[in-house]
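Quantities reported herein were computed from a predicted structural model and do not represent experimental measurements. Below, chain A is the first sequence line, B the second, and so on; all start at residue 1.
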Amino acid sequence: MDIEAKYRMASLYVGDLHADVTEDLLFKKFSAAGPVLSIRICRDVVTRRSLGYAYVNFLKLADAQKALDTMNFDMMKGKSIRLMWSQRDAHLRKSGVGNVFIKNLDKSIDNKILHEHFSAFGKILSSKVMSDDQGSKGYGFVHFQNQSAADRAIEEMNGKLFKDCRVFVGRFKNRKDREAELRSKASSAFTNVYIKNFGDHMDDERLKEVFSKYGNTLSVKVMTDSSGKSKGFGFVSFDSHEAAKKAVEEMNGKAINGQPIFVGRAQKKGERQAELKQMFEQMKKERIRGRQGVKLYIKNLDDTIDDEKLRKEFSSFGSISRVKVMQEEGQSKGFGLVCFSSSEEATKAMAEMNGRILGSKALNIALAQRH
DNA sequence: CATGAGCGT
């Protein structure tokens with residue numbers, strides 16, 4: 001077996017690290033489990049700030065196992081560290097297979113208790129109780145190695161008492177899936193309708209008249225300012241989803257007081273705010289893109305690559321407004337920037353060039369962070 | 001009420 005393979009076998013990933021945790025501190029801590037070959041805290045290439053995770057490579061597999069069994073969730077600089085086997089295959093970590101979400105956790109349940117309890121159902125890759133400076137946030141995650149273990153945990157624990165709380169245990173859903181699910185649930189059952197753009201000359205009475213033909217209304221409200229003047233929008237709550245749906249279908253875009261009104265499902269404040277925020281951010285992104293193009297951040301550059309060579313390699317993908325290989329005392333720092341005038345060009349360049357060997361090293365390309 | 005983070009020499 002080559003050295004690298006040996007490293008991988010006895011290599012632990014250490015996550016959730018406080019930014020002030022040093023290699024030295026990690027070395028001292030993990031040496032208690034057995035001889036440590038090397039430690040690496042991953043840092044931002046530019047700022048050298050800790051990215052909050054590290055690798056600890058043990059000489060012996062058994063020592064790594066011992067560290068995993070005895071040191072997971074230990075506190076360092078006031079933060080609970082999270083240990084996993086180093087797993088470089090991103091797919092295995094991100095597919096969501098075996099990942100379980102738990103809510104309504106008793107506040108007294110911490111990382112160690114959660115891990116201990118759920119390990120009865122199978123091997124755990126990673127687990128965590130979400131917390132802030134006030135302590136547990138009452139929910140967390142257990143990522144099992146197999147879906148079958150996750151299914152057992154859900155089957156055995158969902159709806160059961162865990163300490164003093166009845167917990168929900170279910171499959172983990174990522175944010176996108178969850179939002180889509182919530183939206184579809186809301187839109188398939190809504191009874192409350194939001195109406196806007198009907199101007200100043202509207203009151204509850206008249207709004208009720210307009211919308212009553214779609215069904216029984218439970219409440220009708222034109223929102224007003226402090227002087228009692230209409231703010232141009234309001235709500236009609238129906239007693240059935242069918243009536244609300246029909247009102248939206250037939251009234252949206254119809255003219256009232258000479259202008260087309262908007263009629264749609266009434267959203268909760270948070271939902272509306274999230275939607276606006278997303279729209280705003282999308283617009284901002286497009287504005288910035290239009291003005292200054294898209295920057296690609298090129299890492300793992302061979303020392304022999306300079307500005308001119310880098311430009312030449314990327315020039316076929318579109319118009320490049322700027323190229324820069326970062327240098328120190330005339331020596332490449334191994335990373336740089338290429339700025340394209342459109343996102344299409346940048347995307348194409350990234351797709352084609354990521355992993356491409358230049359000189360003796362494989363390029364690592366990412367979108368540069370804006371600030 | 002609640003759906004992380006995220007992998008190098």
Side-chain angles (χ1 to χ4, degrees), chain A residues 2-19 23 26 36-45 48 50-58 64 68 72-73 79-107 109-111 114-115 118 124-132 134-144 150 153-154 158 162 165-183 185-186 268-271 274 299-300 334-335 355 360-362 364 366:
Chain A
D2 61 31
I3 297 266
E4 263 190 47
K6 243 184 203 162
Y7 265 45
R8 273 199 296 278
M9 279 185 58
S11 191
L12 293 183
Y13 167 90
V14 189
D16 297 348
L17 280 179
H18 189 289
E23 280 85 352
L26 287 172
V36 170
L37 276 175
S38 63
I39 301 256
R40 180 182 185 84
I41 294 177
C42 296
R43 297 175 185 281
D44 183 280
V45 195
R48 304 309 296 162
S50 165
L51 294 173
Y53 66 91
Y55 298 94
V56 179
N57 301 307
F58 285 92
L68 188 63
N72 199 9
F73 306 122
K79 270 189 86 181
S80 168
I81 62 172
R82 184 166 50 89
L83 300 182
M84 299 168 66
W85 288 110
S86 169
Q87 172 56 70
R88 303 201 59 196
D89 183 344
H91 174 74
L92 291 175
R93 280 179 281 120
K94 297 185 186 179
S95 71
V97 173
N99 204 0
V100 163
F101 168 67
I102 303 145
K103 68 181 173 184
N104 207 32
L105 278 170
D106 190 286
K107 297 283 190 247
I109 290 166
D110 62 13
N111 280 317
L114 183 79
H115 190 279
F118 278 81
I124 295 173
L125 298 178
S126 163
S127 75
K128 182 173 182 171
V129 174
M130 296 309 285
S131 63
D132 53 24
Q134 318 285 347
S136 165
K137 287 161 96 170
Y139 69 98
F141 309 88
V142 177
H143 196 161
F144 289 98
I154 292 168
N158 186 32
F162 185 17
C165 293
R166 222 167 267 291
V167 288
F168 168 91
V169 182
R171 278 186 184 219
F172 169 76
K173 293 165 189 159
N174 65 33
R175 197 162 94 195
K176 229 172 78 191
D177 290 352
R178 175 150 176 78
E179 276 171 7
E181 190 179 86
L182 285 175
R183 257 196 311 277
K185 208 183 263 177
K268 284 188 178 154
K269 199 170 179 184
E271 189 187 0
K299 287 189 289 187
N300 204 32
F335 66 97
S360 62
K361 292 165 88 174
N364 180 326

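The distance between atom CG of Leu125(A) and atom C1' of dC7(B), rounded to the nearest whole Å, is 14 Å. Counting to the nearest Å, the C1' atom of dA5(B) and the NZ atom of Lys137(A) are 13 Å from each other. We find that CG of Leu26(A) is positioned 15 Å from C1' of dC7(B), with the value rounded to whole Å. The interatomic distance linking Trp85(A) (CH2) with dG8(B) (P) rounds to 18 Å, in whole Å. Distance CG (Asp89(A)) to P (dG8(B)): 12 Å, rounded to an integer number of Å. As rounded to whole Å, 9 Å separates atom P of dT3(B) from atom CE of Met130(A).
Remark: ring of Phe141(A) overlaps the six-membered base ring of dG4(B) in a stacked fashion, centroids less than 5.5 Å apart, planes less than 30° apart.
Note on Lys103(A): a side-chain N or O is less than 4.0 Å away from OP1 or OP2 of dA2(B). Of the side-chain N and O atoms in Arg178(A), one or more sit less than 4.0 angstrom from OP1 or OP2 of dA2(B). OP1 and OP2 of dA5(B) both lie 4.0 Å or more from every side-chain N or O belonging to Arg82(A). Between Arg88(A) and dG8(B) there is a side-chain N or O to OP1 or OP2 distance below 4.0 Å. For the pair Arg40(A) and dT9(B), the criterion of a side-chain N or O lying under 4.0 Å from OP1 or OP2 is met.
The base of dC7(B) lies outside donor-acceptor range of the side chain of Tyr13(A), with no N or O pair under 3.5 Å. No hydrogens or angles were tested; on distance alone, nothing pairs the side chain of Asp16(A) with the base of dA5(B) as donor and acceptor under 3.5 Å. Contact of Ser11(A) with dG8(B) (side chain to base): a donor-acceptor pair of N or O atoms is detected under 3.5 Å.
For the pair Lys103(A) and Phe168(A), the cation sits on the ring face: its NZ or CZ lies under 6.0 Å from the ring centre, inside 45° of the axis.
When the side-chain hydrogen bond (donor to acceptor under 3.5 Å, both in side chains) test is applied to Asp106(A), the partners found at least two apart in sequence or on another chain are Ser108(A). Under the rule for a salt bridge (charged side-chain N to carboxylate O under 4.0 Å, His left out), Arg93(A) has no partner lying at least two apart in sequence or in another chain.
At least one side-chain heavy atom of Phe118(A) sits less than 4.5 Å from a side-chain heavy atom of Ile102(A). Taking 4.5 Å as the limit, some side-chain heavy atom of Cys42(A) sits within range of a side-chain heavy atom of Tyr55(A).
Among the protein residues, Asn99(A) comes within range of the nucleic acid bases, having at least one heavy atom under 4.0 Å from a base atom. As judged by a 4.0 angstrom heavy-atom cut-off over every strand, Phe172(A) is placed among the base-contacting residues.
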